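Report on the structure given below.
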Amino acid sequence: MQKLIYKNIFWAIITMFVFMLVFSLLFENTEKAETLSINQIVSKINSGEITKITVRGDDLSIDLKDDKKAIAKKEAEAGLSQTLKNYGIESSILDNVDIEIKDRSGFKFWMGIIIPTLLPLIIIIAIFLFILKQAKGGVNQALSFGKSNLKLFNSLKNRVTFKDVAGLKEAKQELVEIVDFLKNPKKYLAIGAKIPRGVLLMGSPGTGKTLLARAVAGESGVPFFYISASEFVEMFVGVGASRIRNIFDTAKKSAPSILFIDEIDAVGRERGTGIGGGHDEREQTLNQILVEMDGFEKEARIIVIAATNRPDVLDRALLRPGRFDRQVVLDLPDINDREAILQIHGADKIIEKNVNLRKVAVRTPGFSGADLANLMNEAAILAARNNRKTISQDDLFESVEKVLLGPERRGRVISLKEKEITAYHEAGHALVTASIKGSDPVHKISIISRGRAGGYTMKLPIEETHLKTKSQFLSDLATLMGGYAAEKSIFGEVSTGASNDLREATKLARALVTQFGMSEKLGPMTFGESQELVFLGREISTTKNYSEEVAVEIDKEVRSLINRAYKASQRILKLHQKILEKIAKTLIEKETLEQEDFYKLLKDYKIKPIEV
Ligand code: ADP
Ligand code: MG
Ligand code: ZN
């Protein structure tokens with residue numbers, strides 16, 4: 001509000017200046033002009049100094065010979081010519097003066113009246129209206145709402161529809177139903193169906209939760225209120241709760257309506273866990289949400305949609321029937337959806353005709369919708385930066401890696417030795433990948449550093465799966481160890497370049513043992529309970545629910561899994577040392593190897609894939 005006042009004062013001052021400027025321009029001439037009496041006029045006419053007199057009512061404006069101007073007044077009743085004649089001017093002399101009679105309603109005349117009287121009034125009214133409008137916060141004009149950032153979605157501007165959302169079939173279906181509830185409630189109420197109160201959209205960041213909600217706004221044709229739950233988290237206890245009350249009131253007033261609460265986990269965390277400081281304010285806010293949702297009358301046609309990427313931390317009370325009784329999971333897009341998302345985001349860009357988006361979709365497993373949108377944009381930037389008018393397939397491929405690993409750092413100077421180490425390291429990964437049964441094909445190898453990675457080997461699944469087997473994990477482990485094994489066998493020692501691989505491998509091996517029950521020794525059990533499950537977010541702390549002996553067992557088992565993988569990769573590299581050298585040398589020379597080049601290199605040698 002404070003800011004607003006300053007803004008208004010600023011504008012008031014600016015208007016004043018404009019007003020003064022107009023005023024002074026308009027009356028500039030008259031002020032400079034000399035005022036004459038009738039006697040003076042008469043003598044000037046007689047001496048031939050006056051060329052023209054313009055009469056406007058009683059006002060005379062006089063053009064003098066030397067291009068000067070003057071003004072004068074005449075008597076109210078008498079005409080000018082008559083007056084002059086009365087002063088004894090002869091008609092022959094008067095004929096030399098051009099006398100023009102003008103209407104009193106001249107522009108200047110009226111402005112002379114309007115500006116000083118009406119303009120200040122108009123300005124004051126305008127400022128007043130402006131302040132009033134600002135105070136209303138834009139919520140539907142009639143509903144004043146200054147307290148929170150509740151936004152009424154203007155569905156006409158930047159309208160998003162379900163067409164703009166690729167994939168997410170189930171989620172869309174669910175929401176289409178919701179929209180139908182709002183539009184034709186009778187149909188549902190007639191058979192005794194209750195209208196759902198709330199829909200919770202869950203999915204990792206960037207899967208399109210907010211987008212989907214906006215699409216509902218665009219499709220439903222009812223008022224759609226939007227707020228982010230983080231705006232409830234305030235310094236003062238009770239503020240959030242009162243905001244919730246306000247928001248629900250507003251939404252109810254314009255029912256049927258949809259209220260969308262984004263990032264609801266900001267307030268909806270399980271109460272009493274103490275994580276995040278056992279925030280009292282948050283609890284009150286959450287309670288208020290619960291109260292409001294319970295408080296809807298049966299017929300109240302308002303539906304609350306909430307979004308979160310942390311459903312695991314949400315308070316159970318929020319999830320029970322009657323509140324967010326519908327829960328919709330938004331998965332990461334599969335290959336078809338990725339292609340569709342790329343198409344949507346490529347629609348407004350100029351893409352070369354021969355570009356195959358499917359090929360890009362193939363290379364991007366695990367990308368979210370937001371990643372893909374970003375990828376498309378990066379490709380456009382890349383093309384523009386190279387002064388090209390269209391986006392090529394290579395731009396897209398390059399952007400995949402950029403989004404995945406960060407920008408290429410060709411400028412980073414590396415010594416010959418370092419380059420050699422990196423080449424053997426990546427060659428190790430690639431060769432092990434190619435020599436193990438059931439592992440995914442190598443897609444690309446590069447020793448150009450990118451982001452934080454010194455080099456990288458990309459392998460991609462032939463088909464996407466949702467389940468992974470133990471043997472797949474074991475082959476993953478072996479390929480992870482390939483870099484380490486190569487460095488060790490060629491140079492006799494390892495560099496720090498392998499540290500990331502080791503961390504990944506250890507994490508994977510531990511998960512195999514403690515979460516997936518894939519260790520023979522420890523059996524089909526899970527170990528350790530995460531405070532915040534590793535569902536979509538990160539785990540914060542793990543409680544140890546097993547004995548010290550078991551902990552030792554787990555460590556042993558993890559070590560043995562990693563050792564097994566290491567041995568397997570060592571065996572492969574020893575068996576095919578010539579190929580390893582060839583790959584590494586080619587890499588040093590060319591820096592990157594695409595899939596075809598790599599497999600062409602291997603063709604001369606007979607590699608029989610082994611099991612880990
Ligand atoms: P979040 O789930 O984190 O709320 P958003 O809805 O904000 O994700 O998605 C971010 C952006 O990613 C969207 O604005 C859109 O450009 C893109 N996006 C995500 N999912 C999809 C999808 N299924 N179809 C099209 N674009 C998508
Ligand atoms: Mg979002
Ligand atoms: Zn590596």
Side-chain angles (χ1 to χ4, degrees), residues 158 160-172 175 200-217 226-230 260-266 305-311 328-334 336-348 361 367-377 403 405 421-433 445-447 449-450 452-459 476-488 494-505 536-537 569:
N158 298 329
V160 175
T161 62
F162 283 140
K163 268 213 288 311
D164 301 309
V165 186
L168 304 176
K169 236 201 204 131
E170 293 82 20
K172 269 195 228 171
L175 291 166
L200 183 65
L201 305 177
M202 335 189 264
S204 25
T207 40
K209 300 179 293 296
T210 309
L211 182 74
L212 199 57
R214 286 178 56 194
V216 173
Y226 168 95
I227 192 153
S228 173
S230 56
F260 178 56
I261 306 178
D262 211 352
E263 319 282 349
I264 197 171
D265 44 286
I305 302 179
T308 180
N309 45 26
R310 304 296 318 274
V328 183
V329 177
L330 279 67
D331 285 317
L332 285 174
D334 66 13
N336 294 324
D337 294 345
R338 287 201 300 272
E339 193 181 347
I341 293 174
L342 285 168
Q343 245 147 23
I344 286 177
H345 290 282
D348 57 348
F367 273 46
S368 69
D371 291 332
L372 292 166
N374 182 20
L375 184 161
M376 232 342 148
N377 193 44
V403 172
L405 299 158
I421 294 174
T422 313
Y424 274 99
H425 179 107
E426 297 306 330
H429 282 307
L431 184 54
V432 172
T433 308
I445 321 168
S446 170
I447 57 167
S449 73
R450 209 177 242 293
R452 290 169 57 201
Y456 55 96
T457 302
M458 250 166 87
K459 53 179 188 148
D476 280 354
L477 270 180
T479 53
L480 272 172
M481 297 306 292
Y484 180 93
E487 285 189 38
K488 185 103 184 181
V494 291
S495 71
T496 50
S499 69
N500 200 39
D501 295 337
L502 297 182
R503 190 165 345 139
E504 285 293 311
L536 295 161
S569 56

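Predicted model, so just to flag it, every value in this text is computed and none were measured. Numbering of ligands and ligand atoms starts at 1, following listing order.
Judged purely by distance below 3.5 Å, without hydrogens or angles, the side chains of Glu263 and Ser228 never pair a donor atom with an acceptor atom.
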Practice item. Go through the steps to decide whether Arg214 and Asp262 satisfy the test salt bridge (charged side-chain N to carboxylate O under 4.0 Å, His left out), and finish with yes or no. Key: CA-CA 11 Å; Arg214 286 178 56 194; Asp262 211 352; over 6 Å; no
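Met376 approaches Leu342 most closely through the heavy-atom pair CE-O, 3.5 Å. In terms of heavy atoms, Ile344 sits closest to Lys163 at CD1-O, 3.7 Å. Taking each heavy atom of Tyr424 and Ala486 in turn, the nearest pair found is O-CB, 3.3 Å. Taking every heavy atom of both residues into account, Thr207 and Ser204 meet most closely at OG1-O, 2.6 Å.
Remark: of the listed residues Val216, Val328, Val165, Leu168, Val216 is the sole one forming a side chain to side chain contact (heavy atoms under 4.5 Å, CB included) with Leu175.
In summary, Asp501 places an N/O/S atom under 2.8 Å from the Zn ion (ligand 3), meeting the contact criterion.
Using a 4.0 Å cut-off between charged nitrogen and carboxylate oxygen, Asp371 and Arg338 do not count as a salt-bridge pair.
Asp331 pairs by the side-chain contact (heavy atoms from CB on, under 4.5 Å) definition with Val329, not counting sequence neighbours. The side-chain contact (heavy atoms from CB on, under 4.5 Å) test applied to Ala485 returns Tyr566, Ser569, Gln570, Leu573, not counting sequence neighbours.
Less than 2.8 Å away from the Mg ion (ligand 2), the protein contributes these N/O/S atoms: Thr210 OG1.
Listed as neighbours of ligand 1 are Asp164, Val165, Ala166, Leu168, Pro205, Gly206, Thr207, Gly208, Lys209, Thr210, Leu211, Ile341, His345, Gly369, Ala370, Ala373, each bearing a heavy atom under 4.0 Å from the ligand.
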